Every structure is written in structure tokens, then in C-alpha cells.
Amino acid sequence: MSENCKKAYITTPIYYVNDVPHIGHAYTTIIADTLARYSRLIGLDTMFLTGTDEHGQKIEEAAKSRGRSPKEYADEISGKFKSLWDEFDISYDKFIRTTDEDHKLGVHKAFETMHAKGDIYKDNYEGFYCVSCETFFTKIQLVDDEFCPDCGKPTSIVKEESYFFKLSKYEERLLQWYTDDEKCILPKAKKNEVINFVKQGLHDLSITRTSFDWGVKLPEKMNDPKHVMYVWMDALMNYITALGYGKDDANMEYWNGTTVHLVGKDILRFHAIYWPAFLMSLDLPLPRHIGAHGWWTRDGEKMSKSKGNVVDPREVANAYGLENFRYFLLREVPFGQDGDFSQKALIDRINSDLGNDLGNLMNRIIGMSGKYSNLVIDSTNVMKYHEKEIKDAEAIIDTLEPFIFELQLNRFLEELWKVLTIANQSITAYEPWAKIKEGKEEEAMALVALVANLLAKVSVMLSSVMPKTCASISDALGFEITPENFNTIIKDKKLLETFTIKKLPALFPRIEHEELESPEPKVASKKEKKAEGIITIDQFFETKIKIATILEAEEVPKSDRLLKLKVDVGENEPRQVIAGIKEFYTAESLAGTQACLVANLKPAKIMGLLSEGMLLAAKDKEGLSLIRPESPKRSGTKVG
RNA sequence: GGCAAGGUAGCUCAGCUGGUUUAGAGCGCUGGUCUCAUAAGCCGGAGGUCGUGAGUUCAAGUCUCACUCUUGUCACCA
């Protein structure tokens with residue numbers, strides 16, 4: 001990879017300014033930062049982009065509710081992202097904002113290009129709008145062709161003029177790309193989901209809106225001022241507008257290099273389908289990798305504001321060290337999978353991997369060289385006594401690079417750590433303290449120098465993950481981590497010159513106590529829940545079960561299993577319930593009978609029909625039986 | 001319900017196209033040991049019916065089928 005690609009382009013998504021930065025943002029950004037740093041280290045001309053996505057109705061409204069202009073509001077949140085990345089020493093080369101004038105120029109050019117090509121056309125976007133949910137739905141989503149699937153209230157038809165992108169046109173080419181380029185989307189499981197989705201057929205994409213104002217206007221020449229670009233058209237283009245697309249193409253060179261887009265798995269579809277289709281329409285090359293990472297949970301539970309268990313990356317970095325945190329995030333979980341954040345896991349990683357294996361090793365050679373050679377370390381005889389160890393380490397290091405670019409940072413670190421094991425093992429194997437006693441000083445010195453050289457290699461390779469830490473290691477070992485020294489130490493496999501090692505304080509002091517506050521109530525409630533699925537009586541009574549009298553029943557056309565029922569649950573109006581019991585009960589046999597109904601279930605739409613409850617039934621191999629009162633009860637009687 | 005990926009030591013996971021007689025790694029646990037070091041290192045152990053049940057084969061975590069559970073995804077899940 002490093003051979004034939006002079007340029008590398010690494011991106012994070014632009015983060016939407018409706019939320020402050022959390023661990024998920026930090027994770028994406030840290031992975032990207034690691035890639036970018038590694039790319040620079042191996043001598044690639046690297047562009048690392050991050051930024052913020054600032055348009056859209058949500059932002060418009062959020063700003064309004066705070067009595068501020070959208071731009072003011074976006075400025076504030078965008079600033080929070082930028083300052084966190086600065087605080088985290090993220091090595092971005094450009095921080096783009098979709099409110100940047102240059103960005104708008106680029107979006108205009110893209111729109112015009114796609115329009116000129118015939119890939120954008122004007123039509124009507126027909127939607128069903130639910131005023132209370134402020135959401136558009138398609139006809140298929142509606143309940144009874146009329147009601148909002150979320151709240152059940154009537155919706156109104158809104159016909160809005162919109163420009164569409166001919167996404168459908170690119171279906172075949174996208175599938176071809178997925179097939180041809182094995183690693184275009186990572187990890188593979190996610191790629192399969194994308195392929196599946198595309199195979200089901202793509203609809204053209206509505207890319208403009210007239211219902212709100214806070215967005216990139218259409219190009220002047222379209223002469224259609226009431227339209228603004230809609231979300232993804234605006235946002236995705238940032239990857240090229242950041243390189244000057246539409247204004248000054250100088251940096252577009254990066255687009256022809258190795259491009260890696262990092263995204264969270266929730267927005268993969270947009271990056272793996274819409275974005276390449278846009279690029280095809282623009283006749284631009286497609287990215288090398290689009291990598292979708294998973295989520296972080298906290299102590300096994302989903303993080304949410306309401307639970308109050310959201311991990312604040314700044315808090316963790318302050319408590320445990322930024323680079324330790326980086327190491328943990330990258331080492332703990334295979335790319336693409338969800339990871340669990342817990343203090344125990346974090347502390348274990350720091351103490352075990354970092355403290356025991358790496359930090360302690362550093363101390364060991366400082367101690368030895370101090371006692372045996374007045375801190376002077378001389379590599380002259382390393383190959384004489386330790387060629388095997390050096391070769392073994394080099395063999396490991398030679399396999400590492402693909403792990404980085406294929407985003408398997410956990411594997412990368414895991415493999416790299418084997419070099420530390422070689423170092424620790426060789427100390428025990430050669431017992432330099434014994435050599436000294438036997439007067440074999442040359443051998444003892446060679447051993448110390450072996451370890452110093454292994455540490456040097458590790459520090460270079462690890463530097464993109466833990467830049468500061470590795471800088472201090474390399475500084476102690478008398479060299480600087482630079483692309484030139486990457487060539488000398490890693491590529492050309494040269495040993496260190498004679499140097500005097502500098503004493504360092506412990507790099508990773510052992511952590512004995514938990515230093516981060518955990519969300520208090522969760523521990524107990526988690527135990528309760530985990531106890532064999534036992535629930536409290538209160539939890540049971542959250543389900544309201546009532547006696548329902550079936551007033552009428554009829555078959556649902558074109559359905560094998562469904563019956564439409566009108567049932568009386570003691571309310572003013574009878575309810576409509578769609579029940580999947582047609583295989584076991586005829587419509588006629590049900591009228592006038594009773595059954596138990598879950599009465600506080602969220603209404604749902606089944607085959608376009610509203611269902612306001614669920615009949616309880618037991619089903620085994622013999623068939624299905626409704627759960628009914630032994631003797632008739634008044635409609636609406638509570639069950640419990 | 002369709003599709004996809006999975007169910008391997010206490011935990012997290014490796015085990016490609018079936019076959020080096022005792023199924024691996026890391027962490028944790030435990031026994032031993034050195035002393036340069038952050039009670040760190042190193043060596044060893046702990047014995048997991050490889051989800052269940054069949055089948056193919058001389059031979060199956062490794063192939064086939066069924067079942068079951070988990071996760072993801074899509075869907076007219078209630």
C-alpha cells in the first residue's frame with residue numbers, strides 16, 4: 001500500500017451539531033487520527049479531515065428554541081467538537097464546516113454537474129406529514145392509509161416539490177463495485193448488509209427540501225430559490241469540498257490517493273450507497289475503504305442520556321490519561337464490533353498491557369544499564385548474540401501494516417505486543433545479572449541493547465496510537481520518531497547507535513483504585529434484571545391486560561393468518577385489533593366470545609390496518625388457544 | 001417471517017480449503033522461580049460433551065440437514 005500510493009486521505013464523518021461530543025465521536029476520530037499519523041509516519045502525503053455538519057431542520061429548530069440564529073448555535077456546538085479534538089491532540093489537517101462558503105461552492109458545482117449529466121430531475125415529493133411528530137411518512141408506512149404509525153393521529157398529505165437524484169440508475173454499478181472490490185466496505189458483515197439492501201432495489205433520492213430554510217441553497221442558475229439541499233447531498237460532499245472541489249482543485253490530488261472513510265455503523269448506508277453513487281455521477285474515483293465501526297456500551301448496557309451512563313471522553317482521558325484511553329479503545333474490540341467500556345476493562349488494559357508489558361520493560365533496561373554500564377547502551381554485539389530475537393521481532397513487525405489500513409487496530413496491537421514478549425522472555429532467558437557475575441559483560445550489554453532495540457521498534461510502530469508516550473520512550477532511547485527514522489529502524493532494520501539512556505519515571509503507574517465515578521444505581525438494577533429474568537410485580541403491572549369481548553371478526557384479505565376484530569374493552573369506542581389467529585379460529589366462531597387483551601400496547605399497523613392491542617394466546621404443536629376467562633366477565637375487567 | 005453473521009476454557013476471542021496421536025491465545029485464577037523492574041518478568045497448571053440431535057467420511061469445531069439460542073438487517077411481528 002505504501003509503495004504505490006503517494007497520498008493518503010483519511011476522514012471522519014462530519015459530526016452533526018445537535019449533540020455534544022461523546023465517546024462514539026471520540027472513537028471514530030481516534031481511529032482516524034491513528035491512521036493519519038501512521039500514514040504520515042510511513043511517508044505518505046496525508047490529509048486528515050474532520051468537521052461538523054450544521055444544516056437541517058433540527059438545527060434550525062434547536063437554535064430557535066434557544067432564541068438564537070442557526071449559525072450562532074452551530075458555531076457553539078461546532079466549537080465544542082473542535083476544542084475537544086484540539087484538547088485530544090487530534091492531528092486533523094482540516095476541520096470543515098458545512099456552513100463554510102467554500103463548501104457551499106463545491107456543493108453547487110456537484111449539483112450542477114450531476115444535473116447536467118441528467119442525474120438530477122425535478123418532481124414532486126409526496127409525503128404524509130404528521131404534524132405532532134413533525135415527520136414525513138410514505139403511504140406504505142401509514143396506518144389505515146391515514147394515521148401516523150408513531151402516534152396514531154391523522155396525517156395530512158403534503159406534496160412538495162423536490163429535486164431527485166437518480167440513485168436507481170447506479171444500482172448495478174454499485175453492486176459491481178461491491179463485488180469487484182473485496183475490501184471497499186469493512187467489516188465484511190456490514191458489507192453484506194449493504195449489498196442486501198441494494199439488491200432489494202434503490203429508489204431515487206430526494207435531495208432538496210422547500211419546507212425549511214437552513215441549508216445550502218441551489219445554485220443560482222437553477223433559479224429555484226425556495227429549495228435547499230437536503231441532508232446527505234450537503235453533508236457527503238464535504239469529503240471533496242474539503243479538498244477544494246468547486247473552487248480550487250489543487251488538493252483534489254488527495255482524492256486520487258488512498259481514501260479511507262471512517263463512519264459509525266448507523267451511517268454506513270449513506271456512505272456505502274449514496275456517496276459512491278454521487279461519486280459515480282461526478283465521474284470521480286471511489287474511496288479505498290469505507291469502514292463502519294460499532295458502538296460502545298457501558299458496563300454491558302446501552303448508553304443513553306436518560307440512563308445517565310454516557311461516557312464523557314474528556315472525563316476518561318483526564319482520569320486515566322488520553323493515550324491510555326486511546327490504547328484501550330483501539331485494543332479492546334475487533335473493528336466493526338460493539339465494545340464494552342468499563343473501568344475494570346480499562347484498568348486491566350492499562351495495568352497489564354501497558355504497565356506490565358511495556359512500561360515495566362522500559363524500567364528494566366533503565367535499571368540494568370544503570371547498574372552494568374552507567375546507562376550507556378551499545379548495540380555492537382546485538383547480532384552476535386541475539387540475531388534470532390531480532391529476526392523474530394522483525395518478522396512480526398513486517399506483518400503489521402495491513403492491519404492498520406484494514407482498520408484492525410486491535411490485531412495490530414495484539415501482534416505488536418508479541419515483540420514485547422520476546423523482549424521480556426529474552427531477559428529471563430539470558431539473565432544478564434548472572435552474566436555480570438560471571439564476568440561476561442559483553443553478553444550482558446548485548447542483552448540490554450537487544451531489549452533497547454526492540455523497544456525502539458515498538459515505540460516507532462506504536463507511535464500513531466500513543467504519540468506522546470512513544471516520543472518519550474524514543475527520547476530516552478536517544479532518537480526521534482520521524483518518517484526518516486521509520487525508514488532506518490523499521491524498513492531498513494538498522495540498530496540503534498550507541499547512546500546513553502535517559503531515566504524515565506514510570507510510564508504507566510499501576511492503577512489500584514477506580515478513579516472514575518460510575519453511574520450509581522445501575523449496579524443494583526442490573527443484578528435484579530439479570531437474576532434469571534425475574535421481574536418485580538410493578539414491572540408486571542406495567543402491562544395492562546383486560547377482558548375483551550369480541551364484537552365482530554372478519555378476515556383480512558390477502559392474509560393467511562390475520563383476522564380483523566372489533567373488541568369491547570369497556571371503553572367508549574370498540575377497538576380494532578388485528579390478530580394472527582386465522583389458521584386456528586374462524587371469524588364466525590369468535591363473535592361474542594371473550595379473550596384477554598394487552599390494552600396498553602403501542603398501536604401498530606399490520607398490513608395497513610390499525611391494531612390497538614394484542615390478544616393473549618398460547619401456541620404449541622397442537623395449535624393455538626386464546627386465553628379466555630372461565631366464565632364471562634364484564635368487558636374491560638382488569639386481569640392480574 | 002426472509003436474509004446474514006454467530007454460538008469453542010470463568011471472561012474476550014483464534015481456529016483457512018475436514019486428518020502432525022493430548023482443541024489454542026490473551027486476561028483472570030493457581031503452583032513454582034529469577035531479581036534488572038511498576039508485588040512487574042519468566043516457567044507450568046488449571047482439564048472446555050467445540051449450542052443440540054442426526055448424517056456424510058477411514059477421519060469433523062472444521063462438510064450436509066434439522067432444531068435451538070444470540071446479534072444484525074429487511075419485512076405486511078403483535
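Quantities reported herein were computed from a predicted structural model and do not represent experimental measurements. Below, chains carry the letters A, B, ... as their sequence lines are ordered, and counting in each starts from 1.
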Once you round it to whole Å, what is the distance between [atom2] of [N] and [atom1] of [X]?
| X | N | atom1 | atom2 | value |
| --- | --- | --- | --- | --- |
| A:Lys344 | B:G26 | NZ | P | 17 Å |
| A:Leu202 | B:C74 | CG | C1' | 14 Å |
| A:Glu414 | B:A25 | CD | P | 13 Å |
| A:Asp348 | B:G10 | CG | P | 18 Å |
| A:Lys302 | B:U71 | NZ | P | 12 Å |
| A:Asn410 | B:A14 | CG | C1' | 12 Å |
| A:Arg349 | B:C11 | CZ | P | 16 Å |
| A:Ile350 | B:C27 | CD1 | P | 16 Å |

In whole Å, what separates the [atom1] atom of [N] from that of [M]?
| N | M | atom1 | answer |
| --- | --- | --- | --- |
| B:A54 | B:U17 | C1' | 25 Å |
| B:G47 | B:A40 | C1' | 29 Å |
| B:A5 | B:A25 | C1' | 23 Å |
| B:U8 | B:U12 | P | 9 Å |
| B:C65 | B:C74 | P | 26 Å |
| B:G55 | B:U62 | C1' | 16 Å |
| B:G19 | B:G1 | C1' | 40 Å |
| B:U49 | B:G53 | P | 12 Å |

Charged N-O contact under 4.0 Å between [X] and [Y]:
| X | Y | answer |
| --- | --- | --- |
| A:Lys418 | A:Asp392 | no |
| A:Glu323 | A:Lys468 | no |
| A:Glu415 | A:Arg411 | yes |
| A:Glu193 | A:Lys190 | yes |
| A:Lys384 | A:Glu442 | yes |

Could you tell me which non-hydrogen atom of A:Asn309 sits nearest to which non-hydrogen atom of A:Ser304, and how far apart they are?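 Between these two residues, the closest heavy atoms are OD1-N, 3.0 Å.
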
Closest non-hydrogen atom pair between A:Asn410 and A:Phe335, with its separation: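 Distance-wise, the nearest heavy atoms are OD1-N, 4.1 Å.
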
Partner nucleotide, any strand, of [N] [Watson-Crick/G-U, under 3.5 Å]:
| N | value |
| --- | --- |
| B:C65 | B:G53 |
| B:A5 | B:U70 |
| B:U35 | none |
| B:G19 | B:C58 |

Please determine if a side-chain N or O atom of A:Gln200 lies less than 4.0 Å away from the OP1 or OP2 oxygen of B:G2.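 Result: no.
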
OP1 or OP2 of B:C43 less than 4.0 angstrom from a side-chain nitrogen or oxygen of A:Gln425, does that happen here?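 Yes, within the criterion.
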
Beyond-backbone contact of A:Thr28 with A:Val263, side-chain heavy atoms, under 4.5 angstrom: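 When only atoms from C-beta onward are counted, A:Val263 and A:Thr28 do not touch, as no gap falls below 4.5 Å.
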
Is A:Lys183 atom NZ crowded by more than 12 heavy atoms from other residues, nucleotides or ligands, each under 6.0 Å away?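 Count not over threshold, so no.
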
Counting heavy atoms not belonging to A:Glu441, are there more than 12 under 6.0 Å from its CD?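 Incorrect, the count does not exceed 12.
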
Have a look at [X] and say if it touches a base, only the backbone sugar-phosphate, or nothing, with a 4.0 Å heavy-atom cut-off.
| X | value |
| --- | --- |
| A:Gln337 | sugar-phosphate |
| A:Arg411 | nothing |
| A:Lys265 | nothing |

5' priority, RNA chain B, between A:Asp353 and A:Phe197 [closest heavy atom]: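 Taking each residue's closest nucleotide, the earlier one in sequence belongs to A:Asp353.
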
Which letter, B, S or -, goes with each nucleotide of nucleotides 34-40 of chain B from 5' to 3', with contact meaning a protein heavy atom under 4.0 Å? SSBBB-S

Contact list (N/O, under 3.5 angstrom) for nucleotides 3-9 of chain B vs protein:
from: B:C3; atom 1: O2'; to: A:Asn196; atom 2: ND2; distance (Å): 3.0

Going by atom types alone, do A:Glu389 and A:Ser426 pair a side-chain donor with an acceptor below 3.5 Å?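 No, no side-chain donor-acceptor contact under 3.5 Å.
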
Syn if the chi torsion is within 90° of 0, anti otherwise; quick check, which is B:G61?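 Syn conformation for B:G61.
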
